[in-house]
Amino acid sequence: VSEIYYVLILAVLAGHALAASLLQFLYRLIYTYEFIMALHDTLRALPGLRHSNNRLQNCVEAIQANYQSNLTLTQMAQICNLSPSYLTKIFKENFKTTPVQYLIKYRIEMACRLLQRSDMRIEDIALQTGFGSGNYFSRIFKSVVGVSPKDYRKEQNLELLTAQETQELIVRYEMLK
């Protein structure tokens with residue numbers, strides 16, 4: 001990756017517009033990756049969850065197992081054998097978020113995986129990840145990730161240069177000097 005940065009920065013300095021676009025894409029890609037990893041860490045690696053609250057852990061696992069369904073707060077609470085208000089209270093204490101927000105973030109994480117790894121239609125991904133429609137999914141996705149699902153997929157599918165191609169570009173650039 002550092003070689004790619006080097007080549008792109010050199011190309012930007014040389015005035016290549018495509019290189020500037022690729023550099024911007026690379027920054028967005030890294031931002032998206034960091035966002036997803038932070039989300040993953042927040043949702044799965046909270047120390048209090050593993051050690052002190054098996055009931056909450058079982059609840060999270062149940063929500064993750066049923067995320068594709070049209071879950072309401074009441075249904076989540078029923079799955080966990082808790083009242084909706086108590087479920088919300090313990091989620092806020094442990095995750096600093098509500099169960100519904102947790103569910104949405106988890107669905108977005110699953111949708112990101114499908115956008116990266118499949119060629120499914122966005123509408124189908126929306127339905128498979130528990131969103132009622134493609135429009136609702138796109139609106140929520142953009143508010144959480146910062147780009148539309150279509151743009152996210154385009155950015156994820158751009159092919160980066162191989163190490164050999166990068167080295168060849170560096171050699172060509174050095175010859176131009």
Inset, instruction - Work out which heavy atom in Leu71 is nearest to a heavy atom in Arg107; give both atom names and the distance. - result: N-NH2, 3.7 Å

Legend entry - Nearest-0.5 Å distance, OH of residue Tyr106 to CG of residue Asn66: 10.5 Å

Legend entry - Main-chain N/O of Thr98 paired with Gln101 side-chain donor or acceptor, under 3.5 Å: yes

Inset, instruction - Quick one: pull up CZ in Arg153 and CG in Leu114 and give me the separation to the nearest 0.5 Å. - result: 8.5 Å

Inset, instruction - Starting at CD1 of Ile108, measure out to OG1 of Thr129 and round the result to the nearest 0.5 Å. - result: 7.0 Å

Legend entry - Point-to-point distance, once rounded to the nearest 0.5 Å, from OG of Ser148 to NZ of Lys154: 7.5 Å

Inset, instruction - Could you tell me the separation between the SG atom of Cys80 and the CD1 atom of Ile63, rounded to the nearest 0.5 Å? - result: 5.0 Å

Inset, instruction - Heavy atoms only: give me the nearest Leu87-Pro99 pair and the separation to one decimal. - result: CG-CG, 3.7 Å

Legend entry - Pairwise side-chain contact, Leu82 with Ile90, heavy-atom cut-off 4.5 Å (strictly under): yes

Inset, instruction - Describe, in one word, how the ring planes of Phe131 and Tyr136 are oriented to each other, choosing from parallel (under 30°), tilted (30 to 60°) and perpendicular (over 60°). - result: tilted

Inset, instruction - Using the six-membered ring wherever Trp is involved, compare the ring planes of Phe91 and Phe95 and label them parallel, tilted or perpendicular (cut-offs 30° and 60°). - result: tilted

Inset, instruction - Could you tell me whether the side chain of Met76 reaches within less than 4.5 Å of the side chain of Val100, counting heavy atoms only? - result: yes

Legend entry - From CA spacing to verdict: salt bridge (charged side-chain N to carboxylate O under 4.0 Å, His left out), Lys105, Glu109: CA-CA 6 Å; Lys105 288 177 184 177; Glu109 183 180 336; over 6 Å; no

Legend entry - side-chain contact (heavy atoms from CB on, under 4.5 Å) evaluation trace for Leu115 with Ile122: CA-CA 8 Å; Leu115 287 165; Ile122 291 174; 4.2 Å; yes

Legend entry - Residue pair Gln128 / Gln68: nearest heavy atoms and the distance that separates them: O-CG, 2.9 Å

Legend entry - Gap separating the OH atom of Tyr152 from the NZ atom of Lys142, nearest 0.5 angstrom: 15.5 Å

Legend entry - Heavy-atom closest pair, residues Val147 and Asp151: CB-CB, 4.2 Å

Inset, instruction - Grab the two heavy atoms, one from Ser133 and one from Ala126, that are nearest each other, plus how far apart they are. - result: O-CB, 3.7 Å

Legend entry - 4.5 Å side-chain heavy-atom contact, Gln78 and Thr74: yes

Legend entry - Donor-acceptor contact below 3.5 Å, side chain Ser138 vs main chain Asn135: no

Legend entry - For Cys112 against Phe141, the heavy-atom pair lying closest together: SG-CE1, 3.7 Å

